[in-house]
Amino acid sequence: MTVFNNERLLFTPASPEANAIPLVFAYPNTYSVGITSLGYQIVWETLAMRPDVRIRRLFTDIAEPLPREIEILGFSVSWELDYINILNCLKSLNVPIHSAERTLNHPLIFGGGSVLSANPEPFAPFFDVILLGDGENLLHDFIDGYQEIRGASKDEQLRHLAQIPGIYVPSLYEVTYDSPQGEIQSIEPVDNTIPATIQKQTYRGDKLSASTVVTENAIWENIYMVEVVRSCPEMCRFCLASYSTLPFRTASLEKSLIPAIERGLQVTRRIGLLGASVTQHPEFEALLDYFSQPKYDDVRLSIASVRTNTVTEKLAKVLVQRNTRSITIAVESGSEKVRQIVNKKLTNEEIIQAAINAKSGGLKAMKLYGMVGIPGEEQTDIEQTVQMMQAIKKAAPGLRLTLGCSTFVPKAQTPFQWFGVNPDAKKRLKFLQKHLKSQGIDFRPESYNWSAIQALISRGDRRLAPVLELIGDYGDSLGSYKRAFKQLRGQLPPLDFYVHEDWSTDRVLPWHHLQGALPQSTLLNHRDRAIAHFNPS
């Protein structure tokens, strides 16, 4: 029996027509990881509900029976470092990894997801088509457009698809550089029949996503996920999840959330409420009251990261009643200055009160998310984070505290895209480790080296593609990246150019031709507001 036999579907796939497109939709990681991705589930359902598509799923460890001739092969990409699995998958299916080497005898390769929507350029040579933005409408536009040109030459197919809003065909855009190691000079379409810019697509309906499958083999066993909100109104200046998905949208309680939850409860008693800022849903109190009903006493309720100043005693009590013992909040820093830099509208008093409310409501643990290396941060700001954690522990004795901490990574299409990674972040993580451990506070740092690699890919241009190919042979480590840059010296800028260097605001960025939710002028304005807090008088 395969893991697919353990799935409980919440939709009925269409019966494929005789001439349906044989399409494989892949997630470049294991089944347990991929099937836990709500985005992957929704794309799979959307395509499976079309009778003109015959879809099969593919993961790194398992696959449904694949068609002999694959016409379209798609990837959902939500983590930068999964790209190696994409290249390995193409090789295993005997598909050339470069779009330029593929013919009509090979599948059309498309990709989507948060990573590709922000900056697809390091991966541009590997994809024929990239879908930018929300998939609700874009997927149907893509398949409809492909059906209109199915059977034509590859060039005709790509040129036709490039006319559809939100569909990016990298091969139809030429990038020129000042020199092989220099800045980008221009990014232009190959001719005037191709759009000069591609606008990321935004879904604006009041019904958001919910799980289409429940399985015990997911990372979160038997969980049914409901998207409560999309994007975040707080707009922390480093945050891709906020800036890339604007505007902030909420699902209708009566039309979307409650019907979706009721569907899920027919197959499982574990519900996960998803979103970057779930508790800022305008009807969140009513949603809490809904879950407080005695008929849901056996339901286990999980909530994604909660806005700190919305952690009330009532929220804590409902979570405890629904078999949750901890809560997660994002605070970024114990420094008021740093929080102003990133636009995190919080005070230490609110953070401490959240811990008091959590404990009063019966929760046993609280996890806080922090960050080091934020632009404008100094060593004294790190010391203030230690002081904040000490104050929380004193105010809520017995509440188990964990600080998860990452290194700032610049993300494309955010106000901090022009800043590089601060090398001092490495020793600042060690400082927190030393001083929090002695206080009995659990400290969980993310790898500084992996953050550097993430930044490389996040800010990279097409010249990185040969580096990514070499890593597949060398092994995935920071040392391998340094080795690849050394081997390719003279063909692209040095590693520090992408990772650590602060970029001038008048340079052409790798994603210059891709229009996100906000224009660059707005991002620059938000960046300048952050800089105003760097050295407060």
Side-chain angles (χ1 to χ4, degrees), residues 78-83 114-115 118-119 122 236-244 276 305 328-335 337-344 367-386 388-389 402-437 441-460 464 476-482 485 494-503 527 530-531 533-534:
S78 54
W79 174 239
E80 285 96 339
L81 303 180
D82 276 343
Y83 73 86
S114 57
V115 168
N119 175 25
C236 294
R237 293 177 178 127
F238 59 83
C239 184
L240 178 63
S242 176
Y243 275 84
S244 71
S305 182
T328 301
I329 60 175
V331 299
E332 315 318 340
S333 174
S335 162
K337 181 196 85 176
V338 170
R339 290 197 297 266
Q340 288 178 335
I341 288 171
V342 302
N343 198 37
K344 177 68 74 172
K367 182 174 184 180
L368 299 89
Y369 278 124
M371 187 180 291
V372 297
I374 289 168
E377 173 192 87
E378 298 171 302
Q379 177 62 27
T380 54
D381 300 308
I382 305 301
E383 294 165 5
Q384 289 175 43
T385 296
V386 174
M388 177 193 71
M389 295 301 296
T402 299
L403 178 63
C405 197
S406 61
T407 295
F408 163 71
V409 172
K411 296 291 186 178
Q413 307 198 40
T414 70
F416 282 4
Q417 63 188 356
W418 291 278
F419 293 112
V421 174
N422 186 344
D424 288 341
K426 194 170 188 176
K427 65 181 182 182
R428 290 175 183 174
L429 288 172
K430 291 180 179 178
F431 178 89
L432 289 173
Q433 175 85 60
K434 176 183 176 182
H435 287 82
L436 292 178
K437 185 177 180 181
I441 295 169
D442 186 17
F443 181 65
R444 299 182 185 177
E446 292 185 9
S447 165
Y448 169 83
N449 286 348
W450 286 119
S451 295
I453 294 171
Q454 198 179 345
L456 168 69
I457 298 172
S458 174
R459 294 172 105 198
L464 274 190
D476 209 355
S477 69
L478 184 59
S480 294
Y481 281 88
K482 290 179 178 178
F485 269 87
L495 185 70
D496 284 352
F497 172 89
Y498 296 107
V499 176
H500 297 298
E501 195 174 294
D502 288 345
W503 290 351
R527 170 190 173 274
I531 291 174
H533 294 289
F534 277 15

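Numbers for residues simply follow the sequence, beginning at 1.
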Can you name the closest pair of heavy atoms from [X] and [Y] and give their distance?
| X | Y | value |
| --- | --- | --- |
| Gly373 | Ala425 | CA-CB, 4.1 Å |
| Tyr448 | Pro423 | OH-CA, 3.4 Å |
| Met389 | Leu368 | CE-CD1, 3.9 Å |
| Phe443 | Cys405 | CE1-CB, 3.5 Å |
| Gly420 | Phe408 | O-CE2, 3.7 Å |
| Ala330 | Lys344 | O-NZ, 3.4 Å |

Looking at Lys411 and Glu80, is any side-chain nitrogen of the basic one under 4.0 Å from a carboxylate oxygen of the acidic one?
yes

Has [X] got a side-chain atom pairing as donor or acceptor with [Y]'s backbone, closer than 3.5 angstrom?
| X | Y | result |
| --- | --- | --- |
| Ser458 | Gln454 | no |
| His500 | Asp496 | no |
| Gln413 | Ala118 | yes |

Roughly how far apart are [X] [atom1] and [Y] [atom2], rounded to 0.5 Å?
| X | Y | atom1 | atom2 | answer |
| --- | --- | --- | --- | --- |
| Gln384 | Gln379 | CD | CD | 10.5 Å |
| Thr407 | Trp450 | OG1 | CH2 | 14.0 Å |
| Asn449 | Lys482 | CG | NZ | 7.0 Å |
| Ser335 | Met388 | OG | CE | 10.0 Å |
| Asp502 | Phe416 | CG | CZ | 11.0 Å |
| Thr380 | Lys337 | OG1 | NZ | 5.5 Å |

So, do [X] and [Y] sit near enough that their side-chain heavy atoms are less than 4.5 Å apart?
| X | Y | result |
| --- | --- | --- |
| Asn119 | Arg459 | no |
| Arg444 | Thr402 | yes |
| Leu81 | Ile457 | yes |
| Thr385 | Leu403 | yes |
| Glu377 | Ile341 | no |
| Leu464 | Phe485 | yes |
| Phe419 | Ile531 | yes |
| Val342 | Met371 | no |

Verify side-chain contact (heavy atoms from CB on, under 4.5 Å) between Ser451 and Val421, making sure each step is shown before the conclusion.
CA-CA 8 Å; Ser451 295; Val421 174; 5.8 Å; no

Sorted by chain and number, sequence neighbours left out, salt bridge (charged side-chain N to carboxylate O under 4.0 Å, His left out) with Arg527 holds for none

Are there more than 12 heavy atoms of other residues, nucleotides or ligands under 6.0 Å from atom CZ of Phe431?
yes

Tell me every residue that passes side chain to side chain donor-acceptor pair (under 3.5 Å) with Glu383, counting only those two or more places apart in sequence or in another chain.
none

Checking side chain to side chain contact (heavy atoms under 4.5 Å, CB included) against Ile453, which of Val409, Leu495, Leu478 comes through?
Leu478

